*Asks:* 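One structure, as structure tokens, below. Some questions next.
Bear in mind that the values here come from a model prediction, so they are computed numbers and not experimental data.
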Amino acid sequence: MNISAAEEESAQEIHIPADIDWEMLDKSKFFFLGAALFSGVSATLYPVVLVKTRQQVAQVQLSGIGTAFSIVKHGGFQGLYRGFGTSLMGTIPARALYMAALEVTKSNVGSITVKLGFPEPTAAAIANAVAGLTAAMVAQLVWTPIDVVSQRLMVQSSSSQCRYVNGIDAFRKIVNSHGPKGLYRGFGISILTYAPSNAVWWASYSVAQRLVWGGIGCYLKGGGDETIRPDSKTVMAVQGASAAMAGGISALITMPLDTIKTRLQVLDGEENRLRGPTIGQTVRNLVKEGGWLACYRGLGPRWASMSISATTMITTYEFLKRLSAKNQEGLL
């Protein structure tokens, strides 16, 4: 499924390289390079995720900078990477599942929507939304247990009464205390958080790209009728800007669900520790602590994390797809 260059009137001025679909990829290269590239991206962004998680479980309002300084003060700079090893080991298979589900769904739904007679812009938005929704649901089968373990490691020095030596120790203690279902605490709310978030993000990304290219096309209209072929840096800049816009929108819409999800996965229930807190208890506690705005604790770091992550991820992802294409010459 191709995301076309821009709107009709600007397509004469700008020629955008075609999107690369699932059938065009060398799968072994795609997954191998993807694991390496996204491991680096995860390492870069992990401290921001840790700060956001600490803010969400804190019972008082804390600034992102203050939280970061507190972590470094008590645990050194390595404290910003608490639980990273566990997170990384789970992220690699989860990311592989996500990418495969995303590309297969996007390619198939895109073809179906075009055959049904939808206009190309609408077909692209639908395909991206359905692909994001499907990929998020599939990946949560791996991501939720990793989230539960890594988030407990992230916050144990500040809120957890149970000390974990490492990810394996945390995994063992959670299973011993709560059974295997303890690893899927918050799975439902994770689906409710990430599935709509991904659908909104991918649809917004598709629309944002079209708007940005359309704007560039309008700007260049007075410069002549010749076809403009943007270089790779320009294409990446537009993709990055579109991703940041989509990330900010998605972060704002899904922030309350993310805060509730994090608390469900990290904090023990007050009424029944073996069962864990319910969604209702979690919401009541948040409102009691700081009103409805408490649901937006960590919005700054999450907004920054999702915008930066989206920009980094999409440029890395598009770069990965071009590296993994079977026919490199056909991309020009």
Side-chain angles (χ1 to χ4, degrees), residues 20-23 25-50 53 81-108 130-154 164 166-175 178-195 197-199 201-202 258 261-262 264-266 305-306 309-310 312-321 323-324:
I20 302 168
D21 64 25
W22 181 247
E23 298 302 324
L25 293 171
D26 179 330
K27 309 303 187 296
S28 59
K29 185 185 292 186
F30 180 64
F31 289 119
F32 178 77
L33 292 177
L37 288 172
F38 283 111
S39 293
V41 171
S42 297
T44 303
L45 298 174
Y46 190 81
V48 180
V49 176
L50 187 144
T53 302
Y81 282 90
R82 187 184 296 275
F84 175 67
T86 300
S87 176
L88 182 62
M89 293 306 294
T91 295
I92 291 174
R95 182 67 63 181
L97 272 175
Y98 183 93
M99 293 189 299
L102 179 75
E103 290 301 325
V104 171
T105 305
K106 185 162 59 170
S107 180
N108 291 332
V130 175
L133 184 76
T134 303
M137 293 178 69
V138 171
Q140 280 308 309
L141 293 172
V142 177
W143 250 319
T144 297
I146 295 304
D147 262 355
V148 170
V149 174
S150 63
Q151 286 176 346
R152 291 200 172 208
L153 292 172
M154 286 181 191
Y164 306 114
N166 50 39
I168 294 175
D169 183 52
F171 178 91
R172 180 177 56 81
K173 288 180 177 177
I174 292 170
V175 172
H178 306 286
K181 67 179 181 180
L183 295 170
Y184 281 90
R185 178 183 287 185
F187 179 72
I189 195 72
S190 293
I191 294 292
L192 290 176
T193 301
Y194 291 122
S197 173
N198 275 263
W201 191 92
W202 281 102
D258 187 66
K261 173 194 75 70
T262 300
L264 283 173
Q265 291 177 332
V266 171
S305 174
M306 286 192 69
S309 173
T312 307
M313 290 289 186
I314 201 63
T315 51
T316 302
Y317 188 62
E318 297 288 0
F319 177 63
L320 168 65
K321 286 169 69 175
L323 284 179
S324 306

*Asks:* Quick one: does Glu103's side chain get under 4.5 Å of Lys27's, heavy atoms only?
*Replies:* no
*Asks:* First locate atom OG1 of Thr144, then atom NZ of Lys261, and finally report the distance between them rounded to the nearest 0.5 Å.
*Replies:* 7.5 Å
*Asks:* For residues Gly186 and Ile189, report the shortest heavy-atom separation together with the two atoms involved.
*Replies:* O-CG2, 3.1 Å
*Asks:* Might you point out which heavy atoms bring Ile174 and Arg152 nearest each other, and give the distance in Å?
*Replies:* CD1-CD, 3.9 Å
*Asks:* Going from CG on Leu153 to CG on Leu50, what distance comes out if it is rounded to the nearest 0.5 angstrom?
*Replies:* 10.0 Å
*Asks:* Would you find more than 12 non-hydrogen atoms of other residues, nucleotides or ligands less than 6.0 Å from Phe319 atom CZ?
*Replies:* no
*Asks:* Using modelled atom types only, decide if a donor and an acceptor are shared between the side chain of Tyr184 and the backbone of Val148 within a distance under 3.5 Å.
*Replies:*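 Between the backbone of Val148 and the side chain of Tyr184 there is no qualifying donor-acceptor contact (under 3.5 Å).
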*Asks:* For Lys321, does its backbone N or O pair with a side-chain atom of Ser324 as donor and acceptor, under 3.5 Å?
*Replies:* no
*Asks:* Using ring-ring contact (aromatic ring centres under 6.0 Å, His included) as the criterion, list what pairs up with Phe30, not counting sequence neighbours.
*Replies:*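 With sequence neighbours excluded, Phe30 shows a ring-ring contact (aromatic ring centres under 6.0 Å, His included) to no residue whatsoever.
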*Asks:* Is there a side-chain contact between Asp169 and Lys173 (heavy atoms, below 4.5 Å)?
*Replies:* yes
*Asks:* CD1 of Ile168: more than 12 outside heavy atoms within 6.0 angstrom?
*Replies:* no
*Asks:* In Å and rounded to the nearest 0.5 Å, what is the CD to OG1 distance from Gln151 to Thr262?
*Replies:* 4.5 Å
*Asks:* Any side-chain heavy-atom pair from Phe38 and Tyr317 closer than 4.5 angstrom?
*Replies:* yes
*Asks:* Of all the heavy-atom pairs spanning Gly90 and Ile146, show the shortest one and how long it is.
*Replies:*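 Heavy atoms of Gly90 and Ile146 come nearest at CA-CG1, 3.5 Å.
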*Asks:* CG/Asp258 to CE/Met306 distance, rounded to the nearest 0.5 angstrom?
*Replies:* 8.0 Å
*Asks:* Tell me the side chain to side chain donor-acceptor pair (under 3.5 Å) pairs involving residues 85-98, sequence neighbours left out?
*Replies:* Tyr98-Asn198, Tyr98-Trp202
*Asks:* Check whether any side-chain heavy atom of Thr44 lies under 4.5 Å from a side-chain heavy atom of Thr312, and answer yes or no.
*Replies:* no
*Asks:* Any side-chain heavy-atom pair from Met154 and Tyr46 closer than 4.5 angstrom?
*Replies:* yes
*Asks:* Side-chain contact, heavy-atom cut-off 4.5 Å: Phe187 with Lys181?
*Replies:* no
*Asks:* Looking only at non-hydrogen atoms, find the nearest pair between Gly83 and Ser150 and report the distance.
*Replies:*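 Looking at all heavy atoms of both residues, the shortest contact is O-CB, 3.9 Å.
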*Asks:* How long is the span from the CG atom in Leu320 to the CZ atom in Phe32, to the nearest 0.5 Å?
*Replies:* 11.5 Å
*Asks:* What are the two closest non-hydrogen atoms of Ser28 and Asp26, and how far apart are they?
*Replies:* OG-OD1, 3.0 Å
*Asks:* Using 0.5 Å steps for rounding, measure from the CG atom of Leu37 to the OG atom of Ser42.
*Replies:*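 These two atoms lie 11.0 Å from each other.
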*Asks:* Could you pull out the closest heavy-atom pair between Ala131 and Thr105, with the gap in Å?
*Replies:*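 Looking at all heavy atoms of both residues, the shortest contact is CA-CG2, 3.7 Å.
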